[in-house]
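No hydrogens, no waters, no symmetry mates; every other heavy atom, side chains included, goes into these values. Lettering follows sequence order; numbering is per chain, from 1. If you're wondering where the values come from, they're calculated on a predicted model, not measured in any experiment.
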2 protein chains.
Amino acid sequence: MQSPEADQSHSRATLTLAVSRAGFRITDARRAIIDLILTRDGAFDSSDLIADARRRKLVVGRATIFRMLDVLADLGAIERIDLPNGAHSYVRCLGSRHHHHLVCTNCQRSSDVEDGGIADLVVAMAQSAGYVLEHHRLELFGICPSCQGRSRDK
Amino acid sequence: MQSPEADQSHSRATLTLAVSRAGFRITDARRAIIDLILTRDGAFDSSDLIADARRRKLVVGRATIFRMLDVLADLGAIERIDLPNGAHSYVRCLGSRHHHHLVCTNCQRSSDVEDGGIADLVVAMAQSAGYVLEHHRLELFGICPSCQGRSRDK
DNA sequence: CGTCAATTGAGACACAGTCTCGACAAGCGG
DNA sequence: CCGCTTGTCGAGACTGTGTCTCAATTGACG
Ligand SMILES: [Zn+2]
Ligand SMILES: [Zn+2]
Ligand SMILES: [Zn+2]
Ligand SMILES: [Zn+2]
């Protein structure tokens, strides 16, 4: 396993480029927030990032973090998900193809999963109710491999 | 089509009974909130109910509405869903079997849809990532039949 | 470099949802 | 039918999330 920074599918550079290509300027704040997100593992919160920033003594306004989360969500670099308790969180998206997220209810770690034909299925379901489907959201919650092992010890 | 009050699967009486059977007392506030919910069509908000109550000059505290929404969600009479814009809403559940909701992005009307084998599919998907699935959430957003007709006029 | 619009951080704000608390009343057993 | 017990109530304080405004700053481009 390599350090998170060495990941190539979502390196600092790749993300920065994507942001720039989308017509946004590259600023210190944006670079910092991208770093904060890249060093996160699993689902995170706006308040997680704010705490991380404070811990690292970065000068990044709260509002800027919210703004950047919006930008990255629009670019598809992260996705807004809703934890079972109703809290809003984000997960990093590794691929760019349509997919969904599987989140560990214990440690918040997350994996991307293929849509696996669900997209077609739900369009058909909607159609049979007379709706024209625009968008679907599928979120999976369970226990990740490493948390399963840990609970066996108990 | 009958008036919403005449619906038998979720009449005032059925819901009240369910609440009572679950060990909760039947109070004026609870009856009132059940009524408010039953006269709602489609996805609604805590603030919708609060506004409805105020409009009808009912004396029901804000906190009580939140508390009752929790109770009804636990009983499976309503489900918490997340609109695409991130807002928390609720929809009434008509059946008691496992199902999902289809919400019109234009008028908020909602329909229940069968799970249609998705439950099994997602368990398998999670398994192949090594997770033990606990819970899944599927939300469908589209345009309902009546809003489709209306947009054609434009 | 100089220009200029995009972006920033600070802080006020709007609002959802929670909590506490004394008053009240549902439901039960007598 | 009447009290008792205890769950529930409404009011209002409180917490935390997310938005907005605004003056100051700073990227990007030439
Ligand atoms: Zn885990
Ligand atoms: Zn999908
Ligand atoms: Zn509609
Ligand atoms: Zn399902």
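Using modelled atom types, one finds a donor on one side chain and an acceptor on the other under 3.5 Å when comparing B:His100 with B:Asp115. A donor-acceptor pair shorter than 3.5 Å cannot be found between the side chains of A:Thr64 and A:Arg30.
Closest approach of B:Ser110 and B:His101 over heavy atoms only: OG-ND1, 3.9 Å. Shown here for B:Tyr131 and A:Gly142, the closest heavy-atom pair between the two residues is CD2-C, 4.3 Å.
Side-chain atoms of A:Met125 and A:Leu133, non-hydrogen and from C-beta on, never get closer than 4.5 Å to each other.
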For this session: Quick one: do B:Arg92 and B:Glu79 satisfy salt bridge (Lys or Arg N to Asp or Glu O under 4.0 Å)? Show the steps, please.
Result: CA-CA 6 Å; B:Arg92 242 181 317 147; B:Glu79 190 184 336; over 6 Å; no
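Of the residues B:His136, B:His135, B:Arg137, the one that meets the side-chain contact (heavy atoms from CB on, under 4.5 Å) test with A:Glu139 is B:Arg137.
A close approach under 4.0 Å does occur between a side-chain nitrogen or oxygen of A:His88 and OP1 or OP2 of D:dG18.
Put simply, CG on B:Leu69 is 15 Å from P on D:dT8, counting in whole angstrom units. B:Asn85 places its CG atom 19 Å from the P atom of D:dT17, with the value rounded to the nearest Å.
Of all the residues in residues 43-68 of chain A, A:Ser46, A:Ser47, A:Arg62, A:Ala63, A:Phe66, A:Arg67 reach under 4.0 Å from DNA chain D with at least one non-hydrogen atom. DNA chain D is contacted by B:Phe24, B:Arg25, B:Thr27, B:Ala29 of residues 21-29 of chain B, taking any non-hydrogen atom closer than 4.0 Å.
For the pair B:Arg31 and B:Asp70, both in contact range of DNA chain C, the more 5′-proximal nearest nucleotide belongs to B:Asp70.
By the rule that hydrophobic residues join a cluster once side-chain heavy atoms approach within less than 4.5 Å of another member, B:Leu140 and B:Tyr90 end up as members of separate clusters. In terms of hydrophobic clustering, with Ile, Leu, Val, Met, Phe, Trp and Tyr side chains grouped at heavy-atom distances under 4.5 Å, B:Phe24 and B:Ile26 are assigned to a common cluster.
Between B:Asp70 and B:Arg67 there is no salt bridge, since no side-chain nitrogen of the basic residue lies less than 4.0 Å from a carboxylate oxygen of the acidic one.
Defining each end axis of the helix from C:dC1-D:dG30 to C:dG30-D:dC1 as the rotation carrying four pairs' C1' atoms onto the next four, with five pairs an end, the two axes are found to diverge by 40° to 10 degrees.
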